[in-house]
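Here's the structure, in structure tokens; my notes come after.
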Amino acid sequence: MSRKTELLQKIETREARIGVVGMGYVGLPLAVALVEAGFSVVGIDVDQAKVALLNAGRSYVEDVADGALRPLVESGKLRASADYADLADVDAISICVPTPLRKTKDPDISYIINAADNIARCGGTGKLIILESTTYPGTTEEIIVPRLISNGDVIGQDVFVAFSPERIDPGRTDYTVWTTPKVIGGMTPDCLDVAMALYGTIVEQPVPVSSTAAAEMVKLLENTFRAVNIGLVNEMALMCDKLGLNVWEVVDAAATKPYGFMKFTPGPGVGGHCIPLDPHYLSWKLKTVNYTARFIELAAEVNSHMPDYVVGKVADALNTDRKAINGSRVLILGIAYKPNVGDVRESPALDVIHLLQERGAVVSYHDPYVADLTSEWFEMASVELTAVTLQQADCVVIITNHADYDWAWIAEQAGLIVDTRNAIEGEGNGRVVYL
Ligand code: SAJ
């Protein structure tokens, strides 16, 4: 029996044992979905604290409730480990490790390399290896494959390799692992067949493409599409400001077009661990072939300028009250990178606070999802949001429009507001400055 047939049978009967490397916001939901599909899963994570929490049936990922996790652990079908050696006897491995940027904006694939080295060390023969981490086209072929064939194994015969970009969207409830189509590219047709078979057990619509590089590029298009369109609408905000137009009115009216338009809204910048970072994996790769990814670089330039633009708006607003930024009390509402989450990674709020402090403002923040904050520039704790804190602020700056906020009440209490999200729509005492 060929190794491919053996793997396909084990997947069909659910005898296949699966390893998931990286038990974060991508790996843990994937592991849960695989166990719910009938597989036994070992989750590998270098963070011993995460391993202990998972083996105690406790989740640290918003989208996975303890109540969903605990029975899977208690049944013995899901366990966590910090020891890569536990991958020796699994049949398939999904790699879901971080792919951050270095300070130089170059890709940091050290987590992928570490995972690949450890997987090769415990033996890839007879296994399906799927990389999920967002990365530049060519990573699977250049980093994963060489480590798996160094023992003489042949890709597509002895070991099977694919790439399948993650589409886990923390906090989203309208799409699940099952209902979100999943793109899959194999190193060979047989690799694709095996990967499609495995992911076909947890995803309603696996989407095959012709190669791992194509699959890697799909993910980068998805997130570059967002970064560029957010950059476009942010530049629209700058242009509307120059022309004395209300960008929110313009965007809302354009969004009535029932076809050929997709609404994006301006803001104080682009945060999160995907959109501000992933496109730089693509522009970096293109530089290696002497090509400049102009849209990516321009979008990054526009988006990263927005915090400066917001601080300029604050300065102008205070100036109307004959106040300088220096010494003014500025209250930031919402510092998470997007509404209704507590994640502050790459949040533009951090840049706005830093820039305001650099100009002498006395800055505080409130965020119902972020109790305290440590950044490279400062440490802060969320203040209590009361009428007094609003009234005492010389300027209130709305950075993240969490659904929890009572905007009408805030508009009544605050003397001056810079609203970067059009949250105070049509309310307020006329003392609201919009982007
Ligand atoms: N942003 C704007 N204007 C917009 C949209 C976003 O300023 O019109 C800002 C947000 O405030 C945030 C940043 O851009 O700071 C990124 O926002 P995002 O909506 O892209 O949120 P992310 O980073 O959580 O993106 C994820 C992605 N999901 C995956 O990669 C699986 C993205 O593809 C999703 O479309 C997005 O969530 C989503 O729609 O929630």
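Read the numbers this way: they start at 1 and go in the same order the structure lists the ligands and their atoms. Just so you know, residue 1 is the first one in the sequence shown, and it goes up from there. All figures in this text were calculated on a predicted structure; none of them were measured in a lab.
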Give yes or no for whether the N/O distance cutoff of 3.5 Å, strictly under, is met between Ile168 and ligand 1.
no

Within the supplied structure, the quantity of interest is the number of heavy atoms (other residues, nucleotides, ligands) at a distance under 6.0 Å from Arg58 CZ; does it exceed 12?
no

Show the nearest heavy-atom pair for residues Pro29 and Val177, with the distance to one decimal.
O-CG2, 4.4 Å

For ligand 1, which atoms sit closer than 4.0 Å to a heavy atom of Arg172?
38 (C), 39 (O), 40 (O)

Based purely on interatomic distance, does Glu166 place a nitrogen or oxygen under 3.5 Å from a nitrogen or oxygen of ligand 1?
no

If I apply the N/O under 3.5 Å rule, does Lys263 come out as touching ligand 1?
no

Within 4.0 Å of some non-hydrogen atom of Phe264, the atoms of ligand 1 are 8 (O)

Any salt bridge linking Lys219 with Glu166? Criterion: basic side-chain nitrogen under 4.0 Å from a carboxylate oxygen.
yes

Out of Val251, Ile275, Asn303, Ile230, whose heavy atom sits nearest atom 5 (C) of ligand 1?
Ile230

N-O pairing of Arg172 and Asp63 below 4.0 Å:
no

Could Asp241 and Lys313 be called an ion pair, given the rule that one side-chain N must be under 4.0 Å from one carboxylate O?
yes

Judged by heavy atoms only, the candidate from Arg421, Lys219, His273 nearest atom 29 (C) of ligand 1 is Lys219

Arg167 heavy atom under 4.0 Å from ligand 1:
yes

Under 4.0 Å from a heavy atom of Thr265: which atoms of ligand 1 are those, numbered in the order shown and with their elements?
2 (C), 3 (N), 4 (C), 7 (O), 8 (O)

May I ask you to list the atoms of ligand 1 that are less than 4.0 angstrom from any heavy atom of Asn223?
30 (O), 33 (O)

Salt-bridged, Asp91 to Arg14, with N to O below 4.0 Å?
no

When the ring centroid of Trp248 is compared with that of Tyr434, is the distance short of 6.0 Å?
no

